[in-house]
Amino acid sequence: MKRLHGVASALVAGACAALALSSCATQPYATHSAPSDPPSGSQPAYLLAHCNLGEKWDQTRMLKVARYDAPDVDDSLLEIYGPVVANGSCTDADIIRWRELRRSTGESDLICRITYYEDDVSGLTYPIGCAVPVLVVTDASR
């Protein structure tokens, strides 16, 4: 009986592992949005624009430099939050990489990714400040 129980346990464990691994595989036509994600048509405007930070090759200086395109925000927000604003779609990694590149070429790395508050009661979305990701490396366990 113990042997049968052990075989059944191994079969169940193998089936669970196979199911877990198959759900991790990328399906060619699978959607990658979570059920709680709003449809793309209802996403806030500040998340629809592509990231305006990147890199390019400077032929004059013969080195890689940070690229900054005009942000997709109202000009009045530039007056409040400064002349260098990242689009809401820029990831933390995009901003950190852009800042490191700016520092390496001796340029200012000041940037603002505007933080918005979505008020569920009034249905309004408005800016409340800046968020700038910072890379922090510690020796703490993960």
Locate the shortest heavy-atom distance separating [X] from [Y]; write the atom from each residue and the value.
X: Ser89; Y: Cys51; answer: OG-N, 3.3 Å
X: Ala131; Y: Thr115; answer: CB-OG1, 3.3 Å
X: Asn87; Y: Pro71; answer: OD1-CA, 3.4 Å
X: Leu53; Y: Ala86; answer: CD1-CB, 3.9 Å
X: Ala66; Y: Leu101; answer: N-CD2, 3.5 Å
X: Asp119; Y: Tyr126; answer: CB-CE2, 4.3 Å

- Apart from Leu63 itself, what residues make up its hydrophobic cluster, given side-chain heavy atom links below 4.5 Å?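 Taking Ile, Leu, Val, Met, Phe, Trp and Tyr as members, Leu63 shares its hydrophobic cluster with Val65.
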- Task: Might you work through the side-chain contact (heavy atoms from CB on, under 4.5 Å) test for Tyr116 and Ile128, ending with a clear yes or no?
- Result: CA-CA 6 Å; Tyr116 293 88; Ile128 59 171; over 6 Å; no
So how far is it from [X] [atom1] to [Y] [atom2], rounded to the nearest 0.5 Å?
X: Arg113; Y: Asn52; atom1: CZ; atom2: CG; result: 11.0 Å
X: His50; Y: Asp94; atom1: NE2; atom2: CG; result: 12.5 Å
X: Arg67; Y: Trp98; atom1: CZ; atom2: CH2; result: 11.0 Å

- Query: Among Asp92, Ile96, Ile95, which one satisfies side-chain contact (heavy atoms from CB on, under 4.5 Å) with Leu135?
  - Reply: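 The side-chain contact (heavy atoms from CB on, under 4.5 Å) with Leu135 is passed solely by Ile96 among Asp92, Ile96, Ile95.
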- Message: Hydrophobic clustering (ILVMFWY, side-chain heavy atoms < 4.5 Å, transitive) - are Val137 and Val134 grouped together?
- Response: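 As far as the 4.5 Å side-chain criterion goes, Val137 and Val134 are not connected within one cluster.
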- Query: Does Val85 belong to the same Ile/Leu/Val/Met/Phe/Trp/Tyr cluster as Ile80, with side-chain heavy atoms less than 4.5 Å apart forming each link?
  - Reply: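 Yes.
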- Does any N or O in the side chain of Thr125 come within less than 3.5 Å of the main-chain N or O of Glu118, such that one atom is a donor and the other an acceptor?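 Between the backbone of Glu118 and the side chain of Thr125 there is no qualifying donor-acceptor contact (under 3.5 Å).
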- Query: Has the side chain of Arg99 got a donor or acceptor atom that lies under 3.5 Å from a matching backbone atom of Asp109?
  - Reply: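 Flag set: sc Arg99 to bb Asp109 pair under 3.5 Å.
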- Task: List the steps and the verdict of side-chain contact (heavy atoms from CB on, under 4.5 Å) for Val73 and Ile114.
- Result: CA-CA 9 Å; Val73 297; Ile114 300 173; 4.2 Å; yes
- Item | Pair Lys56 + Asp58: basic N to acidic O under 4.0 Å |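 Here Lys56 does not pair with Asp58 in a salt bridge, since their nearest N and O are not under 4.0 Å apart.
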- Message: Suppose the criterion is salt bridge (Lys or Arg N to Asp or Glu O under 4.0 Å): which pairs have a residue in residues 126-136, not counting sequence neighbours?
- Response: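 Every candidate salt bridge (Lys or Arg N to Asp or Glu O under 4.0 Å) pair involving residues 126-136 fails, so no pair, neighbours aside, qualifies.
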